[in-house]
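The shown structure was predicted, so the numbers you read here are calculated from the model rather than taken from an experiment.
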Amino acid sequence: MDVAGEEKSAMACPCCQPGDLSGQNFPGIGRNQAPLYDEEILEEDSSSADEQITCLSLEVAQQQAQCEDLFRQVLKCLGEDTRREGILKTPSRYRKALAQMLSGYAKTAQNVLGDAIFNEETLAGNRQTVCVGNIEFYSTDAHTLMPFFGEVHICYLPDEGKVAGLSKFARITEVFSKRLQTPKNLARDIASSIETLVSPVGVLVVIKCVYLNNAICAMHKSGSGIPGDDVVMTEVEQRGLFLDQKCKETREMLGLIGLSDLTTDCSSKGEERERNGNTNDMKSSGSPSTSLAHCFDGYFDELLSTGRQFNTERENTIKNLIFQIYTQAPYLAHLNGSSVVSRDMLWNASSFYANWLLKMTSGSFFSLEHLMQVVRSDQQQHAYDDGDDSSMFRKYRNNSYYVCELYSSVGSICEHHILPFFGKVYISLLGKKREVDVTMRELQAITWKYSRQLQLQERLVSQIADALEKHFPSIDGVFVCMSGYHHCMRARGAEKTSAKTLSFVTRGFYQEDEFASMECIKRFRSMADS
């Protein structure tokens, strides 16, 4: 793409003249220029419709090129070689992902609902509630620019049989979720649109979602589209008849969607979290082996935080670049103080996101030798415990062999779309004649280093296996397997929230002996299903 050529063409076109855009709603019109629809201009304008369309196309291409260039600078600040094959098309992929994540601004609930409102005689005169549940969604948090995702339940009591097509509720959810949002605002937007367009007696919207900011997420259970309930944030929006918590219809609907114990307290707590811009108070109440998985925060993030000297100038540069990308994005280019998402909020969100990007790429700043020294020093200074609330570690004798295994949470960033992927990693090390002399923290250090980089899942498991072979040469067999959920599958066109990727590599004895490899696979499956 010849961006310079496009810029020259755009400057020569009367439809693309540069100017001060503040307070204007017309792209390319300066403060002292007359609007393009002025009658005199229309009379004098001899350009054809095709030429005007070409001008607009050039302007769009120019905006796209600028967004890609800004993000290319972000990648350079993160220490990436933007000419590398895996990164070369990342700016373009990022721009497309961003456009899709903000595509809800181009739509309205009224447009997607259309004329799909009709009267159902069997409901007229009856207090029969309609419930559309388990509508999967993904969205982007306005406070952090981090994803959150989950399910929406929409219940409404029709007035005199006036109902809407069931599929339209998923479309309405999509309109509002594909914007910069918060769970509370998302519930409000959905409820308000239904209240306005369908005029029901009452509306109840329940959102169950998971945040990935500050690294709290949980693994899915048996193909469920949403992680374990212990880390799910619940928001409730009630209108009309459903404002009465003791109302028969309210209790019935909450019971129908499995939320009989739900009260409006959870909604008020969520609202307070949003006001503070913080969701870190979500904690797990389950057992370590089945519940909370700290995929993006953990032992090493805390241990190395004091020694990690991020360049302040670099972090500020990334923050400014991210802020420019979002403020120049379509539908966000005219933010003001009265907007749901203000420029101040976007500035703070850009700061959070810049810090998160630096943290999630910090593995490349530490050599593995340094990490091992830190681990061994820390183990000597503190009482060492092989237990961990996000990992399972075990050593045992299997027939005549010695086995050491780790089953732990892991989170990283896909280098193609700069979106997180997270899951569980299983590592099995085998010694034929001697016990495997490896600690849990050493295995976690290797996993941490390579997951805290822009990654691909297949490369991640291979790099872990390579590092284990290199740093523990006495080991006779290495097996590494990862099950991961990729947010690009949620945020892009596929939107398959339950899809997961499985990758594994075998080295040494595990590569030579199929029976031993199959035993590892069985062990991994038993842990994943428990």
Side-chain angles (χ1 to χ4, degrees), residues 219-222 286-295 298-300 368 371-372 375-376 379 383-410 422-451 457-484 500-530:
M219 297 314 302
H220 295 243
K221 297 180 179 179
S222 62
S287 61
S289 61
T290 59
S291 58
L292 185 63
H294 298 276
C295 295
Y299 170 78
F300 284 96
L368 197 52
L371 287 178
M372 290 300 180
V375 166
R376 289 157 186 164
Q379 289 177 186
Y384 182 61
D385 181 9
D386 278 353
D388 188 280
D389 63 355
S390 63
S391 304
M392 287 188 293
F393 180 77
R394 192 167 76 118
K395 290 184 178 181
Y396 60 94
R397 185 82 177 267
N398 184 10
N399 297 325
S400 58
Y401 302 133
Y402 297 90
V403 178
C404 170
E405 63 182 12
L406 173 74
Y407 183 69
S408 181
S409 302
V410 63
F422 58 96
K424 289 286 189 178
V425 63
Y426 171 74
I427 299 173
S428 180
L429 307 178
L430 182 141
K432 289 183 177 180
K433 299 181 180 180
R434 63 178 67 86
E435 184 177 346
V436 179
D437 186 20
V438 180
T439 68
M440 180 184 75
R441 295 305 187 198
E442 289 172 334
L443 294 181
Q444 288 179 324
I446 292 174
T447 302
W448 182 89
K449 173 175 171 54
Y450 294 106
S451 65
Q457 181 171 320
E458 297 79 5
R459 184 199 302 150
L460 175 58
V461 294
S462 294
Q463 287 179 333
I464 292 174
D466 290 341
L468 289 168
E469 278 195 313
K470 177 181 178 181
H471 287 271
F472 303 102
S474 62
I475 294 174
D476 297 300
V478 176
F479 180 97
V480 181
C481 180
M482 179 179 174
S483 171
K500 61 183 177 181
T501 302
L502 293 166
S503 306
F504 78 96
V505 294
T506 56
R507 303 288 166 81
F509 183 76
Y510 283 130
Q511 192 172 28
E512 301 165 359
D513 193 301
E514 181 181 353
F515 177 79
S517 176
M518 287 303 301
E519 284 297 308
C520 288
I521 292 175
K522 291 178 182 178
R523 289 283 300 163
F524 168 75
R525 289 307 319 165
S526 66
M527 293 181 180
D529 294 338
S530 62

Partners meeting side-chain hydrogen bond (donor to acceptor under 3.5 Å, both in side chains) with Ser503 (sequence neighbours left out): Gln457
Heavy-atom side-chain contact between Glu519 and Arg523 under 4.5 Å: no
Test item: Ile427 and Ile446 side chains (from C-beta on) under 4.5 Å apart, heavy atoms: no
Exam field: side chain Asp513 to backbone Phe515, donor-acceptor pair closer than 3.5 Å: yes
Non-neighbouring partners of Gln511 that pass side-chain contact (heavy atoms from CB on, under 4.5 Å), sequence neighbours left out: Thr506
All pairs passing salt bridge (Lys or Arg N to Asp or Glu O under 4.0 Å) where residues 392-402 contributes a residue, at least two apart: Arg394-Glu405
OH-CD1 distance between Tyr426 and Ile521, expressed to the nearest 0.5 angstrom: 10.5 Å
Residue pair Ser462 / Val505: nearest heavy atoms and the distance that separates them: OG-CG1, 3.7 Å
Heavy-atom closest contact (Ala445 atom, Val375 atom, distance): CB-CG2, 3.9 Å
Closest contact, heavy atoms only, Gln463 versus Tyr450: OE1-CD2, 3.3 Å
Gap between atom CE of Met372 and atom OG1 of Thr439 - 0.5 Å precision: 7.5 Å
Those residues that, when tested against Phe472, pass ring pair (Phe, Tyr, Trp, His ring centres under 6.0 Å) (two or more places apart): none
Nearest-0.5 Å distance that lies between atom SG in Cys520 and atom CZ in Phe504: 10.0 Å
Separation between OG of Ser526 and OH of Tyr407, rounded to the nearest 0.5 Å: 9.0 Å
Validation row: Ser409, Phe422 side chains within 4.5 angstrom (heavy atoms): no
Side-chain touch Leu460/Val425, heavy atoms, less than 4.5 angstrom: no
Non-hydrogen side-chain atoms of Val480 and Leu468 separated by less than 4.5 Å: yes
Spacing of Trp448 atom CH2 and Arg441 atom CZ [to the nearest 0.5 Å]: 13.5 Å
Over all atoms of both residues, closest heavy-atom pair of Ser428 and Val403: OG-CG1, 3.7 Å
Among Ile475, Leu443, Leu430, side-chain contact (heavy atoms from CB on, under 4.5 Å) partner for Cys404: Leu443
Closest non-hydrogen atom pair, Val410 against Met482: CG1-CE, 3.5 Å
Qualifying residues under salt bridge (Lys or Arg N to Asp or Glu O under 4.0 Å), relative to Glu469, sequence neighbours excluded: Arg507
Smallest separation among heavy atoms of Lys432 and Phe509, with atom names: CE-CD1, 3.3 Å
Side-chain heavy-atom pair Val438, Leu406 within 4.5 angstrom cut-off: no
Pairwise side-chain contact, Phe524 with Ser483, heavy-atom cut-off 4.5 Å (strictly under): yes
Results of side-chain hydrogen bond (donor to acceptor under 3.5 Å, both in side chains) for Ser451 - residues two or more places apart only: none
